[in-house]
Amino acid sequence: MIEGPYFVLTLVGVLGTGLVAGVFCAFSTFVMKGLAALPPAQGVAAMQAINVTALMPAFMVVFIGSAALCAVIAVVTFVLWPDDGTVELLLGSALYLFGCFGVTIAANVPRNNRLAGMEPGTPEAVAYWPTYVSEWSMWNHVRTVAAAGGTVSYLLALT
């Protein structure tokens, strides 16, 4: 079993990846569905406001802090190569770093940036809104599963 500071790192990794998985799960299960049910101009305006709010420290510390922690866990695992939990720790780190953080940077953020450049009631925004909801949600499902998988993998490393 993992012990000492390494145990604490992994436990905090469970907490961080789990919190992010929960936020993304909420978006996948009801937030985006609620926004999609609004008239397009209102949905666009609401999502623009959410995207601005998401950049505040409360979420960014958890989201980016978890990515940094996953990177630290991966490096420490490679250096120490513990007898127990090596595969689970590396898998948990990879799932979060690539499947959650990487997908956010490569797929969700560009869509957010495009949406941010639109006026909510314009024909361009109204036409883009269904595509945005569909594509953004699909990638959000991926990062939800990846963050949850990272959480489970870290938990398995602790057992």
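Just so we're clear, the structure is a prediction, and the values are computed from it rather than from any experiment.
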Can T17 and L69 be said to form a side chain to side chain contact (heavy atoms under 4.5 Å, CB included), step by step? CA-CA 10 Å; T17 59; L69 184 60; over 6 Å; no

In terms of hydrophobic clustering (I, L, V, M, F, W, Y; side-chain heavy atoms under 4.5 Å; direct or indirect links), are [X] and [Y] co-clustered?
X: I2; Y: V14; value: yes
X: V152; Y: V87; value: no
X: V23; Y: M56; value: no
X: V62; Y: L11; value: no
X: I64; Y: V109; value: no

Could you check, using the six-membered ring where one of them is a Trp, whether F63 and F101 have ring centers closer than 6.0 angstrom?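 They qualify: ring centres under 6.0 Å apart.
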
Please give me the minimum heavy-atom distance between [X] and [Y], naming the atom from each residue.
X: P120; Y: V44; value: CA-CG1, 3.7 Å
X: P110; Y: A106; value: CG-O, 3.4 Å
X: L95; Y: G149; value: CD1-C, 3.5 Å
X: S66; Y: V20; value: OG-CG2, 4.4 Å
X: A67; Y: L97; value: O-CD2, 3.2 Å
X: A146; Y: C100; value: CB-N, 3.8 Å

Would you say that W81 contacts L90 through its side chain, given a criterion of any heavy-atom pair below 4.5 Å between the two side chains?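 Yes - at least one pair of side-chain heavy atoms lies under 4.5 Å apart.
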
State, yes or no, whether a side-chain contact exists between M47 and Y132 at a heavy-atom distance under 4.5 Å.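 They are in contact (side-chain heavy atoms under 4.5 Å apart), so the answer is yes.
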
[atom1]/[X] to [atom2]/[Y] distance, rounded to the nearest 0.5 angstrom?
X: Q48; Y: T53; atom1: CD; atom2: OG1; result: 11.5 Å
X: I73; Y: E88; atom1: CD1; atom2: CD; result: 13.0 Å
X: Y96; Y: T151; atom1: OH; atom2: OG1; result: 9.0 Å
X: L158; Y: L89; atom1: CG; atom2: CG; result: 7.5 Å
X: I50; Y: L115; atom1: CD1; atom2: CG; result: 10.5 Å
X: E124; Y: R114; atom1: CD; atom2: CZ; result: 6.5 Å

Ignoring hydrogens and geometry, is there a side-chain-to-backbone donor-acceptor pair from [X] to [Y] under 3.5 Å?
X: S93; Y: C70; result: yes
X: T29; Y: C25; result: yes
X: E119; Y: A125; result: no
X: N140; Y: F27; result: no
X: E135; Y: A107; result: no
X: S134; Y: P130; result: no

Should the heavy atoms of other residues, nucleotides or ligands under 6.0 Å from OH of Y128 be counted, would the total exceed 12?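 Correct, the count exceeds 12.
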
Residue F59 excluded, over 12 heavy atoms near CZ under 6.0 Å: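 Yes, CZ of F59 has more than 12 neighbouring heavy atoms, counting only those of other groups under 6.0 Å.
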
Could you tell me whether the side chains of N108 and R111 share a donor-acceptor contact shorter than 3.5 Å?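 The criterion, which ignores hydrogens and geometry beyond distance, is not satisfied for R111 and N108.
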
Would you sort out whether Y6 and T77 count as a side-chain hydrogen bond (donor to acceptor under 3.5 Å, both in side chains), showing the intermediate values? CA-CA 9 Å; Y6 202 29; T77 300; 2.3 Å; yes

